[in-house]
Amino acid sequence: MNNKEAVIRTSGVTKIYDSGEIQVEALRGINLVIKPGELVAIMGASGSGKSTMLNILGCLDYPSGGDYHLDGIHINNLDRDQLADIRNKKIGFVFQGFNLLARTSAFENVELPLLYSRRQEIGDLEQLTRQALERVGLGDRTHHFPNQLSGGQQQRVAIARALVNHPAIVLADEPTGNLDTRTSIEIMATFQELNRQGITIILVTHEHDIADYCKRIIEFRDGHIIRDQEVAHPRDAHRDLETGQFQISGLGERP
Amino acid sequence: MKWKNLIKVAFKSIVKNKMRTLLTMLGIIIGVAAVIVMVAIGKGAEKRIQDQIASMGTNLIMVYPGSMQSRGVRMGADSGVRLSLDDVDRLKKTATLIDAVSPVVRTGVQVIGGSGNWNTIVYGGSEQYLEIRDWDLTSGDNFTANDIRAQNKICVIGQTIVKNLFPDEDPVGQQLRLRNVPFKVIGILKERGQNAFGMDQDDVIIAPYSTVLYRLSGHVHINQIIARASSLEQMKAAQVEITAIMRESHKLPEGEDDDFTVRNQTDIASTAQETTQVLTILLASIASISLLVGGIGIMNIMLVSVTERTHEIGIRMAIGARSRDILVQFLIEAIVLSLSGGLIGVLIGFGATWIVHQATGWNTVIAPQNVFLSFGFAGAVGIFFGYYPARKAAALNPIEALRYE
Ligand SMILES: Nc1ncnc2c1ncn2[C@@H]1O[C@H](COP(=O)(O)OP(=O)(O)O)[C@@H](O)[C@H]1O
Ligand SMILES: [Mg+2]
C-alpha cells in the first residue's frame, strides 16, 4: 500500500513507560491505518492505552518502538522542534478538559496556533480565526472568556482552535467526558458536520452511545487492538437532537 | 514563529496577569528610583562643593606650616616649624608670579558690643586679604597698609556678627570689644553662606594681622599664608616659585624635605571631590543592591510563574509552540517587565528627587547618563534573572506539562 494514501499509518508501535522499578507496556505493537475522511472512535476500558495511542498519533510523545507515518512523513526521526511544527500544521488536538488559556478570549485562544505558525503565507489571521469559530457555530461569542462560556461552548472553542490551521487530522481524547448528554450529542453533531466537510477525525471515548456516531470503531485492551470494524449505519446526531431520541436511549445515565 | 507574534503573545500574557506584573515590577521600580535619588543627592553634594570651592577666591594659593603628604595627612605640623612674617616679606619682595600676598593669623575670641556678646574667630590679614579671597564689602571700607603699620584697632565684620550683635543698627563706626580690647568696625562683608564643610563663613571678624598678632593672639607666629597667582595659567609656576622662596627663607639644605606645604584650590577641590565621590559611590552601591534585590524578585516570580503556568506551557506546546518560542516569550516578558519597571522607577526617581530637594533644600543633580545607566541595568537584570526561569519553561515535556494541574 502507498503511504501517501493514508493519513495515519503505524506498524508495530509500542510504548513502554519506564519509571525506574516498574515498566508499563501501554502499547504492544499497534498496526493502524486511517484514511482521509474517516471518523473513528477508539474505545476500551480505562488503562487500555487509548490516551497513550492518541498522544503518539498527536506527536506529543515518542513511541518506544515501531514506525509512525503521518501524512506521509516518518515521525520517528523528527526532533522536538520538528514535532512542534507537525503539531502546529498537521494536527488539531481536542482534550477532555478543553485546555483553553484562562483569561484569554475565545478569539485569542483560537488565534494562538496561527501565531505559532512558521508558514510564510498564512493569510489574514483575523479572518481565519473567525472562519474557524463560525464552523463550530460560535461566530457570536468571540470575545467571551472561557469562564463566561458553558462546557459545550468551551469545547467548541477548543475544536475551532484545532481546526484553525487546517490540519490533516483532528484528534480528540474523550471530548465529551466532561459534558452532559445533550451537549455531548451536540459536540458529536459538530464532529459529524466537520467530517462531512472532509475532515479526518479520531476520537477516544469509553461510551458506546458516543461511538455509535462514528463510522469506524476500534477497541483497545491492554495495549492491543482487539476489535476494528466499520459501522454500517452510524447514528445521525443532528436527527437525534431534533427528535430528542437520545433521551429515550438513556445515554449518560449509565454508571 | 514570527517575532511580531511572539511579542504579541508575551504582551497578552503580561496584561492578563496584572497583579503578578505589578509585583514583579515593584522591585525594579524601587531599585531604579533609589539609584536615581541617591545618585542625584550624591552628585548634588559634589556640585555644591565644587561651587563653593570656586567661591573661595580665584587663583588662590595657600601655604601651611609642616609638610603634607599627598593624601592630605599633615605631617610634622607640631614639629615646631612656623611660618613667619619674614616669609611673607620675602614672598612679597621676590615672587614675580603672584600679585597679592597676606599672612593669616587666626584666633578665637569672645566679642562684646552692640546688643550682647558672641564667640567667633578673628582672622588677621594684610590689606590684600579680602582681595585674595575675592570677598567684597557691602558697606564701609577695608583697612589699609597704614592701618597695618600702625596696628590700628579696626575691623570688618561678617553678616552673622551683624545679625547677632547689631540686629537693628548700622555697625559701621560702632565699637566692639575683642577680649576686652576695643576695636572699631569700619566695614561689613558680603554674605558668603556655608562652606563645603558646613562651616558658616559669615561668622568672622577680619582685622589687620599686626593688631591681631601683637594686641590679641598672644602668640607671634602665623597660621597660614595666602597668595594670589597673577593668572590661572601661572598657577603651577607660581607654586614652584613660592616653594623655592620658602625653602630659601627657611634655609633648607638641598635634599631635605619641605617643612611647609603649598597647595592651591584644585588640590583642595580634588580632595573634597574625592570625599563626595566616595559618598556618591556609597549611595549608588546601596541603591544598586536594592536593584539587585529587585532582579531576584523578578526571578522569583518568574520561577513561580513557570510552575504556575506549567499547564499553560503544555497547551502552547501542544498546539505547536517550539521550546524556543516558550523561551523567547518568557524572556520578552521578563525584559518588558523590567524595562517598564525601570521606566516607572525613573519617573518616580525624578519625583522623589524633587521632593527631597524641596523638603531638605539639598542640592540634587540628575545626570542623564545615570538615568540611562540604571534603565539599562534594569533591562540587564531582566535578561539575567529572566533567563533561568525561561530555560526551565522551555525544557518542559509537552505531555507532562499538560498533565500538570
Ligand atoms: N506517564 C505515565 N507513566 C507511567 N505509566 C503511564 C503513564 N501514562 C499512562 N501510563 C499507564 O499506561 C497505561 C495506559 O494508559 P492510558 O493510555 O492513559 O490509558 P487510557 O487512556 O486508555 O485510560 C496505563 O496502565 C497507565 O497506568
Ligand atoms: Mg485516557
Side-chain angles (χ1 to χ4, degrees), chain A residues 15 17 19 26 51-52 54-56 58-62 79-105 107-122 125 145-146 158 160-165 167 171 173, chain B residues 1-24 304-333 390-405:
Chain A
K15 180 69 184 182
Y17 290 110
S19 54
S51 296
T52 304
L54 213 64
N55 289 341
I56 289 171
C59 296
L60 285 165
D61 209 354
Y62 288 97
D79 64 22
R80 261 182 83 121
D81 284 348
Q82 288 169 318
L83 280 191
D85 293 351
I86 296 275
R87 288 197 295 272
N88 185 254
K89 266 198 301 222
K90 302 227 174 259
I91 293 163
F93 219 109
V94 178
F95 303 88
Q96 179 176 354
F98 318 138
N99 278 345
L100 299 175
L101 292 190
R103 283 166 290 178
T104 304
S105 71
F107 185 91
E108 287 171 325
N109 263 293
V110 174
E111 184 191 32
L112 208 55
L114 298 175
L115 297 183
Y116 285 115
S117 173
R118 277 164 213 283
R119 267 177 278 196
Q120 279 311 314
E121 268 319 311
I122 188 159
L125 301 194
F145 289 153
R161 182 178 65 187
L163 292 173
V164 74
N165 255 343
L171 304 171
D173 194 351
Chain B
M1 189 181 186
K2 292 156 194 159
W3 274 99
K4 193 188 79 192
N5 293 345
L6 264 180
I7 291 169
K8 189 170 162 185
V9 165
F11 265 87
K12 278 181 179 166
S13 177
I14 289 171
V15 175
K16 247 186 293 172
N17 297 282
K18 298 197 178 63
M19 193 63 188
R20 186 180 74 207
T21 301
L22 188 76
L23 284 176
T24 312
V304 169
S305 97
V306 168
T307 318
E308 201 184 79
R309 293 159 72 188
T310 298
H311 189 70
E312 175 199 321
I313 294 164
I315 296 172
R316 291 182 187 276
M317 287 178 162
I319 60 172
R322 288 186 180 185
S323 293
R324 212 186 69 102
D325 296 336
I326 303 291
L327 179 95
V328 173
Q329 179 192 337
F330 268 69
L331 264 186
I332 292 177
E333 282 188 44
R391 270 281 303 277
K392 237 186 115 166
L396 287 171
N397 176 322
I399 273 286
E400 274 155 31
L402 269 175
R403 206 173 284 138
Y404 188 92
E405 286 298 339

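Since the structure is predicted, the reported quantities are computational estimates derived from the model, not experimental observations. First the proteins, then the strands, lettered A, B, ... as listed; each starts at 1.
With a 4.5 Å cut-off on non-hydrogen atoms, A/Leu114 touches chain B through its backbone but not through its side chain. For a residue to count as touching a neighbouring chain, one of its non-hydrogen atoms must lie under 4.5 Å from one of that chain's; by this rule B/Gln329 touches chain A with the side chain only. Looking at A/Arg80, only its side chain comes within 4.5 Å of chain B, counting heavy atoms on both sides. In this structure, chain B has a heavy atom under 4.5 Å from the backbone of A/Arg119, while its side chain stays farther away. With a 4.5 angstrom heavy-atom cutoff, A/Ile86 does not touch chain B via any of its atoms. With a 4.5 angstrom heavy-atom cutoff, A/Ala162 does not touch chain B via any of its atoms.
Atom CG of A/Leu100 sits about 7.0 Å away from atom CD1 of B/Ile315, to the nearest 0.5 Å. To the nearest 0.5 Å, atom CG of residue A/Leu101 and atom NZ of residue B/Lys12 are 10.0 Å apart. Atoms OH and CD1, from A/Tyr62 and B/Ile399 in turn, are 12.5 Å apart once rounded to the nearest 0.5 Å. Annotation: the span from A/Arg87 atom CZ to B/Ile319 atom CD1 amounts to 10.0 Å, rounded to 0.5 Å.
Put simply, the side chain of B/Asp325 reaches to within 4.5 Å of the side chain of A/Tyr116, judged on heavy atoms. Here the side chains of A/Asp81 and B/Arg324 are not in contact, with every heavy-atom distance at 4.5 Å or above.
A donor-acceptor pair shorter than 3.5 Å cannot be found between the side chains of B/Arg322 and A/Asn88.
For CZ of B/Phe11, the number of neighbouring non-hydrogen atoms (other residues, nucleotides, ligands) closer than 6.0 Å is 12 at most.
Among the candidates B/Glu312, B/Met317, B/Lys4, the residue making the largest number of heavy-atom pairs closer than 4.5 Å to chain A is B/Met317. Interface summary for chain B: among A/Asp61, A/Asp85, A/Asn55, the most heavy-atom pairs under 4.5 angstrom belong to A/Asp85.
Legend: residues meeting ring pair (Phe, Tyr, Trp, His ring centres under 6.0 Å) with A/Phe98, ordered by chain and number and at least two apart, are absent. With sequence neighbours excluded, the residues satisfying side chain to side chain donor-acceptor pair (under 3.5 Å) with B/Lys8 are A/Glu111.
The two residues B/Ala321 and A/Ala84 come nearest to each other via the heavy atoms O-CB, 3.7 Å.
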